[in-house]
Trainee: 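Can you keep this structure in mind? I'll have questions shortly.
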Amino acid sequence: MPHPLPLAGVTVVSLEQAVAAPFATRQLADLGARVIKVERPGGGDFARRYDTTVHGHASYFVWLNRSKESLALDVKSAPGREVLRELIASADVFVQNLAPGSAARLGLAAERLQARHPSLVTCTVSGYGTSGSWAGRKAYDLLVQCETGLLSLTGTPEEAVRVGISVADIAAGMYAYSGILSALYTRATTGRAPAVEVSLFDALAEWMSQPAYYTRYGGTQPPRVGARHATVAPYGVFTARDGQEVLLSVQNEPEWAALCRVFLGRPDLVDDPRFATGSARVAHREELDALVAARFAALDGREAVALLDAAAIAHAGVNTVAEFLEHPALTERGRWRDVDLPGGAPAMRALVPPAGLSGVDPRMDPVPDVGEHTEKILAELGRGPGDIALLRAEGVIGPGAARS
């Protein structure tokens with residue numbers, strides 16, 4: 001028998017959109033929390049319309065919003081704000097990533113909510129924090145990649161390149177998730193519910209720490225080196241004579257010695273002063289890469305991989321996304337599950353959460369339609385059919401789509 005989900009009984013109300021906050025709350029839902037997603041009547045979270053690739057639904061949205069309940073509610077209206085206040089009063093966690101200043105205008109600033117509800121964990125996800133001269137700026141993922149200097153590290157010497165996933169949003173969502181878990185633990189052990197605040201900029205700034213320290217204390221920043229590593233060599237993609245691409249990485253002197261003896265067939269290079277240390281190998285990267293490239297060019301891909309395995313050198317295939325989907329590290333370990341979609345669409349294949357808990361089967365319930373749970377949630381708050389009909393007639397709530 002699986003163990004109970006660790007966050008069963010925890011209720012999260014989230015005024016969320018896009019990526020960062022929904023990623024945090026979806027992970028709470030994975031662990032059993034009840035997540036009530038408050039959306040605009042009609043269109044809902046604008047991430048629903050980013051694309052239509054997953055059986056008519058947006059790839060971002062279906063990734064980030066399974067296992068949630070959707071309440072379509074106009075929180076700018078007085079009746080809508082009253083419903084929201086009642087929901088928050090009975091919640092354990094409140095999350096919001098509204099535009100700068102919006103939460104305060106709605107009376108949802110963390111200080112105000114915590115004064116009213118001392119046991120409520122609040123989580124604010126912003127672009128650049130809630131203080132300082134940048135607090136009012138909009139922040140999208142690529143903007144933050146630029147402002148933190150990430151683009152100056154990513155790409156080739158000729159061209160800066162955006163990281164191919166929403167790395168600032170994902171970083172912020174991960175820190176919001178861990179911050180909320182920490183706050184819930186603090187509440188459970190001390191009775192105090194701390195406020196959690198995460199910004200996209202601060203989250204990605206943390207991830208930039210190594211190049212920041214390298215630059216501050218080394219006097220120059222790591223160069224853009226494409227698929228190579230700025231401070232480790234050999235570390236990059238090489239092409240075998242049959243066209244197969246292989247990325248290899250040598251991290252230390254024992255690995256370097258093994259590469260020389262087993263793969264390169266050049267034991268004389270082990271103590272060559274040009275390559276004997278990590279710093280020396282980086283300083284002579286072009287000569288070193290030429291030696292490794294020449295050896296790859298003399299081998300078929302299968303032969304090269306066999307020699308790297310024999311030398312215990314870390315290596316990887318340069319996969320496409322389609323190849324990743326069929327990766328044996330996923331398929332052999334049962335890492336895909338079916339998740340239902342709204343509107344009668346076929347189920348989608350979704351990845352099991354990466355943090356496995358012994359004896360706990362993660363929750364992977366359907367992705368909600370806009371307002372799918374509106375009537376259910378309002379009924380729990382004591383609203384009768386007449387009240388709900390009036391709210392709908394006034395445009396305070398959405399149509400309450402039912403799952404097909």
Side-chain angles (χ1 to χ4, degrees), residues 4-39 45 64-71 73 75 80-98 102-104 106-126 129-130 169-200 202-203 353 355 357 360 362-363 365 368 373 376-378 380-381:
L5 289 165
L7 295 185
V10 172
T11 298
V12 180
V13 174
S14 190
L15 213 52
E16 60 180 29
Q17 55 196 352
V19 176
F23 189 36
T25 59
R26 195 221 73 195
Q27 292 175 93
L28 298 172
D30 291 342
L31 293 180
R34 181 188 188 189
V35 176
I36 298 174
K37 181 183 180 75
V38 181
E39 302 190 70
D45 183 341
L64 298 167
N65 291 285
R66 65 170 181 251
S67 305
K68 299 180 184 180
E69 299 176 27
S70 173
L71 168 65
L73 182 70
V75 299
R81 286 196 299 274
E82 179 57 32
V83 169
L84 185 59
R85 279 194 290 270
E86 292 179 37
L87 274 177
I88 292 172
S90 61
D92 299 285
V93 181
F94 174 68
V95 181
Q96 63 88 8
N97 68 333
L98 299 173
S102 296
L106 292 170
L108 300 174
E111 322 82 64
R112 185 167 179 179
L113 287 177
Q114 291 207 303
R116 190 180 303 144
H117 309 292
S119 65
L120 179 70
V121 172
T122 62
C123 179
T124 301
V125 181
S126 65
T130 57
D169 285 310
I170 293 168
M174 288 301 304
Y175 287 119
Y177 167 60
S178 62
I180 291 166
L181 292 179
S182 299
L184 286 170
Y185 180 79
T186 300
R187 187 183 73 169
T189 54
T190 71
R192 183 177 65 88
V196 178
E197 181 176 339
V198 177
S199 77
L200 273 67
D202 290 344
L357 301 180
V360 174
R363 181 176 164 209
D365 289 349
H373 304 89
K376 169 180 174 287
I377 293 167
L378 290 175
E380 291 174 357
L381 294 175

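Being a predicted model, the structure only gives us computed values, none of them experimental.
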Trainee: Do K68 and P22 come within less than 4.5 Å of each other through their side chains, counting heavy atoms only?
Mentor: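 In contact.
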Trainee: What's the shortest heavy-atom distance between S14 and T25, and which atoms?
Mentor: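 That closest heavy-atom pairing would be OG-CG2, 3.6 Å.
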Trainee: Quick check for you: to the nearest 0.5 Å, what is the distance between L381 atom CG and R85 atom CZ?
Mentor: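 Output value for this atom pair is 12.5 Å.
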Trainee: Do V125 and L200 come within less than 4.5 Å of each other through their side chains, counting heavy atoms only?
Mentor: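 Result yes, sub-4.5 Å side-chain heavy-atom pair found.
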Trainee: A side-chain contact here means heavy atoms from C-beta on lying under 4.5 Å apart; do V83 and V75 qualify?
Mentor: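 Contact flag for V83/V75 side chains = no.
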Trainee: Supply the atom-to-atom distance D169 CG to F23 CZ, rounded to the nearest 0.5 angstrom.
Mentor: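 Nearest 0.5 Å value for the CG-CZ distance: 10.5 Å.
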Trainee: With side chains defined as the heavy atoms from C-beta onward, is the minimum distance between I377 and L73 less than 4.5 Å?
Mentor: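 I377 vs L73: side chains apart.
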Trainee: Ignoring hydrogens and geometry, is there a side-chain-to-backbone donor-acceptor pair from Q17 to L98 under 3.5 Å?
Mentor: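 Not a single qualifying donor-acceptor pair exists.
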Trainee: If you measure from NZ on K37 to CG on L64, what distance do you get to the nearest 0.5 Å?
Mentor: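 The distance works out to 8.0 Å.
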Trainee: So which atom in N65 and which in E16 form the shortest heavy-atom distance, rounded to 0.1 Å?
Mentor: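 That would be OD1-OE2, 3.4 Å.
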Trainee: Report yes if the side chains of D92 and T11 come closer than 4.5 Å at any heavy-atom pair, otherwise no.
Mentor: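 Yes. Closest side-chain heavy atoms under 4.5 Å.
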Trainee: Are any non-hydrogen side-chain atoms of H117 and I88 less than 4.5 angstrom apart?
Mentor: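 Contact flag for H117/I88 side chains = yes.
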Trainee: Output yes when a side-chain donor or acceptor of R66 lies under 3.5 Å from a complementary backbone atom of A29, and no otherwise.
Mentor: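 No.
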Trainee: With a 4.5 Å limit on heavy-atom distance, are the side chains of Q96 and L106 in contact?
Mentor: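 A side-chain contact is absent here, since even the closest heavy-atom pair is not under 4.5 Å.
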Trainee: A side-chain contact here means heavy atoms from C-beta on lying under 4.5 Å apart; do V12 and I180 qualify?
Mentor: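 Contact flag for V12/I180 side chains = no.
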Trainee: For L113 and F94, work out which heavy atoms get closest and say how close.
Mentor: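 Between these two residues, the closest heavy atoms are CD1-CD2, 3.4 Å.
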Trainee: To check you understand the geometry: which heavy-atom pair defines the closest contact between P368 and S70, and what is its length?
Mentor: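 The pair with the smallest heavy-atom distance is CB-CB, 3.9 Å.
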Trainee: Could you tell me the separation between the OG atom of S199 and the CG atom of N97, rounded to the nearest 0.5 Å?
Mentor: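 S199 OG to N97 CG: 12.5 Å, rounded to 0.5 Å.
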Trainee: Enter the distance from S67:OG to L31:CG here, rounded to the nearest 0.5 Å.
Mentor: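 So the OG of S67 and the CG of L31 are separated by 10.5 Å.
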Trainee: Please give me the minimum heavy-atom distance between A195 and T122, naming the atom from each residue.
Mentor: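 Minimum heavy-atom separation between A195 and T122: CB-OG1, 3.4 Å.
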Trainee: Apply side-chain contact (heavy atoms from CB on, under 4.5 Å) to L28 and V10, showing your working.
Mentor: CA-CA 9 Å; L28 298 172; V10 172; over 6 Å; no
Trainee: At what distance, to the nearest 0.5 angstrom, does CG of L7 lie from CG of D30?
Mentor: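 It is 10.0 Å, given to the nearest 0.5 Å.
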Trainee: Heavy-atom count around R116 CZ within 6.0 Å, excluding the residue itself: above 12?
Mentor: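 It does: R116 CZ has more than 12 such atoms within range.
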Trainee: Considering non-hydrogen atoms only, spot the tightest contact between G179 and V196 and give its length.
Mentor: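 Shortest heavy-atom contact: O-CG2, 3.5 Å.
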